[in-house]
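Worksheet for the structure shown next.
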Amino acid sequence: MSIRYSQDFKDSLVKLHQEGRSLKSLAEEFGPSKDSIAIWVKQATPVMIQG
């Protein structure tokens, strides 16, 4: 069974990571796996297209 996290929860963890928190510390404190948080961070990062 997978746990569904709200977008607000995901956004708050992404923001904490962008402010310098490690994936490991966020995973330990809040519960989602490091891999899940890494995916959320990647999805929240804008893609720059040159040309």
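Predicted model, so just to flag it, every value in this text is computed and none were measured.
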Which residue pairs pass the side-chain hydrogen bond (donor to acceptor under 3.5 Å, both in side chains) test when at least one of the two sits in residues 4-14, sequence neighbours left out?
Gln7-Asp11
Contacts satisfying ring pair (Phe, Tyr, Trp, His ring centres under 6.0 Å) that involve residues 13-33 (not counting sequence neighbours) are none
All pairs passing side-chain hydrogen bond (donor to acceptor under 3.5 Å, both in side chains) where residues 35-51 contributes a residue, at least two apart:
Ser33-Ser36
Ile37 and Pro32 have their tightest heavy-atom pair at CD1-O, 4.0 Å
List for me each residue that meets side-chain contact (heavy atoms from CB on, under 4.5 Å) alongside Lys34, sequence neighbours excluded, and say none if there are none.
Leu23, Lys24, Ala27
Should side-chain heavy atoms under 4.5 Å link Ile, Leu, Val, Met, Phe, Trp and Tyr, which residues sit in the same cluster as Val47?
Ile49
